[in-house]
Amino acid sequence: MTEAVRLDQVYKAFVPSGRAAEPLLALEDVTLAAHPGEFIGLIGPSGCGKSTVLNLLAGLIRPSAGQVYHLGKPVRGINDRIGYITQDDNLLPWRSMRANVEFGLELRGVGKRERRERARELIELVGLSGFENHYPHELSGGMRKRASIVRTLVYDSPVVLMDEPFGPLDAQTRVILQDELLKLWDLRRPAVLFVTHDLVEAIALSDRILTFTGRPGRIKREHVVDLPRPRDVYRIHELDRFKELYDALWTDIREEIAAANEGVSS
Ligand SMILES: Nc1ncnc2c1ncn2[C@@H]1O[C@H](COP(=O)(O)OP(=O)(O)OP(=O)(O)O)[C@@H](O)[C@H]1O
Ligand SMILES: [Mg+2]
């Protein structure tokens, strides 16, 4: 079975602008893989290289050393076959919500009728029916997030990258969107790499969670989320196994915070 994605002993150094600036090592010897259909959570301190991992897979940057694969092939140049939901919603302000959702299909040459049909199904699933002709500035923050997620999932990429997609939303809307995301994901089950700072969210969504060390980012530990699906995101925190996983993740994070503080004081 071809892996969905793989990073093999990847290092990434950035050379900051400005003379005599030292290169900054963002990722150090990172090896990770996702199987088709697997939902993987990525957690780690700010600046540990989580977005860098996604940018490498999207082909926006190249590794300094090591290999990056998408569907078994090395990533060379911009990888427009991968779905990428960045932190900002990136909707086109001059297009209606429906036209935004259909945009990727349009670029891929899908005919109008099929576009409409595929968009309709997903728009309905996230409760945006009736808002098809609204422009992004006429939608709430949560609605824009829904539209941007649907816009990426509608073209059925086998691999989808999500970078803190629910970051700026209130706690209540986040949980509702997590529930909707799991339902959308379940339709075609793409492999997902999902970056979040929210431990509860990572457990609720993921099959596996990888924690990172502080910079330079290395994989610290793998946590298998062996909770049955479908999951009730509203009540998942009541499960005993949830509490164990939460404690294990929090231990990882605490160690990294302590290490960062030592670095500062020494
Ligand atoms: N294009 C770039 N040029 C220079 N440095 C960069 C670039 N992208 C990222 N970096 C640096 O690499 C490190 C990792 O950044 P990255 O955005 O991957 O972190 P992150 O784990 O996503 O953090 P956060 O949780 O805050 O989003 C940071 O120190 C950042 O300044
Ligand atoms: Mg980031």
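Just so you know, ligand 1 is whichever comes first in the structure, and atom 1 is the first atom listed for that ligand. If you read the sequence from its start, that first residue is 1, and numbering goes on from there.
- Leu105 has its side chain out of reach of Glu114: every pair of non-hydrogen atoms, C-beta onward, lies at least 4.5 Å apart.
- Residue-ligand proximity: Pro16 is placed with every non-hydrogen atom at 4.0 Å or more from ligand 1.
- Heavy atoms of Cys48 found under 4.0 angstrom from ligand 1 belong to the backbone as well as the side chain.
- Per-residue contacts place Ala26 under 4.0 angstrom from the following atoms of ligand 1 (heavy atoms of the residue considered): 12 (O), 13 (C).
- Here the CE atom belonging to Met162 is positioned 5.0 Å from the CG atom belonging to Leu153, to the nearest 0.5 angstrom.
- The 12-atom threshold is not exceeded at CZ of Arg235, counting heavy atoms of other residues, nucleotides or ligands nearer than 6.0 Å.
- At under 3.5 Å, a nitrogen or oxygen of Gly49, whether backbone or side chain, sits near a nitrogen or oxygen of ligand 1.
- Other residues, nucleotides and ligands place no more than 12 heavy atoms under 6.0 Å from the CZ atom of Arg113.
- Electrostatic pairing of Asp179 and Arg231 does not count as a salt bridge here, judged by no charged N lying under 4.0 Å from a carboxylate O.
- Contacts between Gln87 and ligand 1, counted as non-hydrogen atom pairs separated by less than 4.0 Å, are absent for every part of the residue.
- In this structure, of Gly217, Pro45, Ser17, Gly47, the residue bringing a heavy atom nearest to atom 14 (C) of ligand 1 is Gly47.
- In this pair, Phe39 and Phe194 present their aromatic rings tilted. The plane angle is within the 30 to 60° band.
- Atoms of ligand 1 found under 4.0 Å from any heavy atom of His197 (numbered from 1 in listed order, with element): 25 (O).
- Under 4.0 Å from ligand 1, the heavy atoms of Leu24 that appear belong solely to its side chain.
- If you check which protein heavy atom lies closest to atom 29 (O) of ligand 1, you get Arg215 NH1, 2.8 Å.
- Less than 4.0 angstrom separates some heavy atom of Glu164 from each of these atoms of ligand 1: 25 (O), 27 (O).
- Counting only heavy atoms, the protein never gets under 4.0 Å from atom 31 (O) of ligand 1.
- Other residues, nucleotides and ligands place no more than 12 heavy atoms under 6.0 Å from the NZ atom of Lys73.
- Residue-ligand proximity: Lys12 is placed with every non-hydrogen atom at 4.0 Å or more from ligand 1.
- Within the 4.0 angstrom cut-off, atom 2 (C) of ligand 1 has one or more protein heavy-atom neighbours.
- A 6.0 Å sphere centred on CD of Glu238 holds more than 12 heavy atoms belonging to other residues, nucleotides or ligands.
- Here the CD-CZ distance, from Glu102 to Arg115, works out to 5.0 Å after rounding to the nearest 0.5 Å.
- Looking at Ile43, Thr52, Val195 and measuring to atom 18 (O) of ligand 1, the nearest heavy atom belongs to Thr52.
- When each atom of ligand 1 is checked for a heavy atom of Ser46 under 4.0 Å away, the hits are 23 (O), 24 (P), 25 (O), 26 (O).
- Of the protein's non-hydrogen atoms, Ser51 CB, 3.6 Å is the one closest to atom 17 (O) of ligand 1.
- In this structure, Arg95 pairs ionically with Glu106, as a charged nitrogen and a carboxylate oxygen lie closer than 4.0 Å.
- Nearest protein heavy-atom contact of atom 11 (C) of ligand 1 is Phe14 CD1, 3.7 Å.
- Here Ser51 meets the criterion, with an N, O or S atom under 2.8 Å of the Mg ion (ligand 2).
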Evaluate Arg174 against Asp170 for salt bridge (charged side-chain N to carboxylate O under 4.0 Å, His left out), listing each step before the verdict. CA-CA 6 Å; Arg174 285 178 83 105; Asp170 65 274; over 6 Å; no
